[in-house]
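Residue numbers run from 1 in the order of the sequence given.
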Amino acid sequence: MIEILWVKDVALIEETEISFYEGLNIISGETGAGKSILLDAIMFLLGAKANKDFIRRGAEKATVRAIISVKDDRNVCTINDMGIECDDQVYITRTIHANGRSSCRVSGKAVSQTTLRALAAVLINIHGQHGHQALL
């Protein structure tokens with residue numbers, strides 16, 4: 001579960017920090033409030049591709065960080081098997097620079113985008129509007 005999400009210089013967001021809590025967390029708001037930008041930031045954090053348009057105008061880089069709790073012992077073992085040190089939390093930082101290059105760090109260790117995607121599959125499930133239709 002994401003405990004804290006920190007987003008800096010992503011699209012229209014200068015800087016924000018969001019805390020999530022145990023149970024159901026819902027991001028809602030009016031059209032144009034930035035819900036999609038937050039979801040894009042989470043997807044970027046979890047290994048999705050992004051281009052330099054992701055960076056807020058005038059900024060040199062965009063950064064997304066999260067503290068993610070890992071409560072399932074099987075997930076802890078899986079993460080440790082990936083070579084990432086994990087007890088009950090994982091710290092993920094991903095940055096994209098104006099030149100298009102990005103970097104990924106998990107608990108202080110540089111990892112590839114492929115490793116980040118594999119880790120994301122263990123850590124997070126995102127359900128969105130009409131997501132149930134994918135099952136059909």
Would you check if the side chain of [X] reaches a backbone N or O of [Y] as a donor-acceptor pair within less than 3.5 Å?
X: K61; Y: N99; value: no
X: R94; Y: S102; value: no
X: R65; Y: W6; value: no

### Query
Counting heavy atoms not belonging to E17, are there more than 12 under 6.0 Å from its CD?
yes
Calculate, to the nearest 0.5 Å, the distance between atoms [atom1] and [atom2] belonging to [X] and [Y] respectively.
X: D9; Y: I96; atom1: CG; atom2: CD1; result: 12.5 Å
X: K71; Y: Q89; atom1: NZ; atom2: CD; result: 9.5 Å
X: F20; Y: I68; atom1: CZ; atom2: CD1; result: 10.5 Å
X: T95; Y: E60; atom1: OG1; atom2: CD; result: 13.0 Å
X: I4; Y: I67; atom1: CD1; atom2: CD1; result: 4.0 Å

At their closest point, which heavy atom of [X] faces which heavy atom of [Y], and how far apart are they?
X: V90; Y: V106; answer: CG1-CG1, 3.4 Å
X: S69; Y: E3; answer: CB-OE2, 2.8 Å
X: L38; Y: I27; answer: CD1-CG2, 4.3 Å
X: F54; Y: A41; answer: CZ-CA, 3.9 Å
X: S28; Y: K35; answer: C-CD, 3.6 Å

### Summary
Only one of I92, T114, L46, V111 passes side chain to side chain contact (heavy atoms under 4.5 Å, CB included) with L119, and that residue is I92
Flag the pair [X] / [Y] as yes when at least one side-chain heavy-atom distance between them is below 4.5 Å, and no otherwise.
X: R56; Y: I13; result: no
X: V10; Y: D40; result: no
X: V70; Y: D88; result: no
X: Q113; Y: K49; result: yes

#### Entry: Derivation and outcome, side chain to side chain contact (heavy atoms under 4.5 Å, CB included), residues I2 and I42
CA-CA 10 Å; I2 297 176; I42 292 170; 4.2 Å; yes
### Query
Are V64 and L12 co-members of a hydrophobic cluster defined by side-chain heavy atoms under 4.5 Å apart?
yes
